[in-house]
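Values reported hereafter were calculated over all heavy atoms of this structure, with side chains retained and with hydrogens, waters and symmetry mates removed.
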Amino acid sequence: MRILLYLILIPFLSFSQLNYKIQYDVQLNSFQKKGFLFFNKYSAPHYYEFTPTNPKKVNMSEKDDGNAELRITVENKFEETRRQLYNLKNDTIINVDYIEDEIVTYFDAPKKLNWELINETKNISGYTCSKATTNFRGRKYTAWFTTDIPFRFGPWKFTNSPGLIMEIADESGKFSWYVTKVEVAREPTEFVLDKKSKIVTLKEFVAKNDKNGEELATQMQLKLAPRGTVIEKVTIMRGREKTFEWEEE
């Protein structure tokens, strides 16, 4: 499988001269990140998302029924870089991510997004943008896109959009991407894949992250809750992807 992955990557790593670099400010719950989308006319786009180190935050509050509610923001031990490479021909995304401190690679082939166009416009960073909405894995998003740049794409997993996404946010406002800079670079930025990265399936990645979150929350409850406190079973609130296709079947 590892050999197959490298063979798939080979045609993606050569770039032409018109190399766009789109910078985003990213908000994921309490985390603030930077995102960079790279693309040109002839090659597969790729996206980097940088996570600077953050302090651990633990909050406990008592609910009306006397049970405790625990909210945890996990500490990052190092600056993480998540990477994605897009195969536009078969709508596949190669993801380089983390399970705890281990770098892993997994393939994702989400359903094509259905975009509903809305007759509204606004100016973002000097570009005329139109409005559209879509639903993706349990969240509804509102996006602003421009057709001034000939590229139908966006950050993260927002593919086949009506134009280049300049701004997108979910209904809660907890998950958002905002363009801060549009550049045309002279030299391409290559997609870097760690050869030591472990290859897993998307299901394995999701299951492991869910399990780690539940274990962490349980440990923190035991440390923070007063002796004798009745605490409800831990329910992990997922991030930008709340539900997956196999869970809806």
Side-chain angles (χ1 to χ4, degrees), residues 1-6 8-9 12-13 23-38 44-58 70-87 92-110 136-139 154-159 168 170 174-177 189-220 234-247:
M1 187 174 182
R2 188 179 299 275
I3 294 175
L4 176 61
L5 173 60
Y6 295 148
I8 292 174
L9 286 174
F12 294 168
L13 299 180
Q23 181 175 323
Y24 295 88
D25 277 349
V26 184
Q27 183 74 35
L28 304 180
N29 274 326
S30 59
F31 289 98
Q32 294 182 348
K33 307 185 180 185
K34 291 290 185 182
F36 296 88
L37 178 62
F38 301 90
H46 62 284
Y47 177 69
Y48 284 12
E49 200 165 81
F50 298 85
T51 306
T53 55
N54 288 280
K56 182 175 6 182
K57 300 177 182 178
V58 179
L70 181 68
R71 296 184 179 182
I72 301 174
T73 299
V74 181
E75 178 183 11
N76 291 318
K77 296 180 181 179
F78 50 88
E79 182 173 296
E80 297 177 345
T81 302
R82 288 172 167 81
R83 308 174 181 89
Q84 291 168 302
L85 181 69
Y86 309 95
N87 186 337
T92 300
I93 304 173
I94 299 172
N95 298 266
V96 179
D97 212 308
Y98 295 83
I99 297 178
E100 295 182 326
D101 294 346
E102 182 180 25
I103 302 176
V104 298
T105 298
Y106 67 89
F107 292 87
D108 192 4
F136 181 63
R137 290 181 172 167
R139 295 190 182 276
W156 189 48
K157 298 182 181 180
F158 299 115
T159 60
I168 187 166
D170 81 317
K174 295 180 180 179
F175 300 88
S176 61
W177 293 255
T189 300
E190 293 187 353
F191 182 91
V192 179
L193 180 66
D194 191 332
K195 295 182 179 180
K196 297 180 181 179
S197 174
K198 179 181 178 180
I199 297 176
V200 299
T201 66
L202 174 60
K203 284 187 178 182
E204 289 172 336
F205 177 78
V206 173
K208 183 64 174 178
N209 274 339
D210 285 352
K211 182 180 179 181
N212 288 346
E214 291 171 0
E215 291 176 351
L216 176 62
T218 300
Q219 292 172 8
M220 296 307 300
V234 173
T235 301
I236 297 299
M237 301 300 292
R238 287 173 173 168
R240 31 192 168 183
E241 295 169 288
K242 294 173 65 177
T243 59
F244 293 85
E245 289 78 8
W246 64 86
E247 297 171 330

task: Identify the heavy atoms of T243 and G138 that sit nearest to each other, and give their distance.
output: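 Reported closest heavy-atom pair: OG1-N, 3.6 Å.
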
task: Quick one: closest heavy-atom pair of Y47 and P155, and the distance?
output: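 Y47 and P155 have their closest heavy atoms at CE1-CB, 3.6 Å.
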
Below 4.5 Å, heavy atoms only, C-beta onward: do [X] and [Y] meet side chain to side chain?
X: W246; Y: L202; value: yes
X: K34; Y: D25; value: yes
X: I99; Y: E204; value: no

If I take atom [atom1] from residue [X] and atom [atom2] from residue [Y], how far apart are they, to the nearest 0.5 angstrom?
X: Q27; Y: N29; atom1: CD; atom2: CG; value: 8.0 Å
X: I94; Y: I199; atom1: CD1; atom2: CD1; value: 9.5 Å
X: S197; Y: Y106; atom1: OG; atom2: OH; value: 11.5 Å
X: E241; Y: F175; atom1: CD; atom2: CZ; value: 10.0 Å
X: K33; Y: W177; atom1: NZ; atom2: CH2; value: 9.5 Å
X: Y86; Y: T159; atom1: OH; atom2: OG1; value: 8.5 Å

- prompt: With D170, which residues qualify under side-chain hydrogen bond (donor to acceptor under 3.5 Å, both in side chains), at least two apart?
  reply: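 D170: side-chain hydrogen bond (donor to acceptor under 3.5 Å, both in side chains) contacts with R139, S172.
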
task: Start with the C-alpha distance between K208 and V200, add both sets of side-chain angles, then the distance that settles side chain to side chain contact (heavy atoms under 4.5 Å, CB included), and finish with yes or no.
output: CA-CA 10 Å; K208 183 64 174 178; V200 299; over 6 Å; no

query: Who are the salt bridge (Lys or Arg N to Asp or Glu O under 4.0 Å) partners of D108, not counting sequence neighbours?
result: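 Listed in chain order: R137, K157.
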
task: If the plane angle is over 60° it's perpendicular, under 30° parallel, otherwise tilted; pick one for H46 and F38.
output: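 It falls in the parallel class, under 30°.
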
message: If the condition is ring-ring contact (aromatic ring centres under 6.0 Å, His included), which residues does F36 pass it with, not counting sequence neighbours?
response: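 Residues passing ring-ring contact (aromatic ring centres under 6.0 Å, His included) with F36: F50.
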
W156 ring center near F136 ring center (under 6.0 Å):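 Between W156 and F136, the centre distance is under 6.0 Å.
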
- prompt: With I103, which of V96, T81, D97 fulfils side-chain contact (heavy atoms from CB on, under 4.5 Å)?
  reply: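 Filter result, single survivor: V96.
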
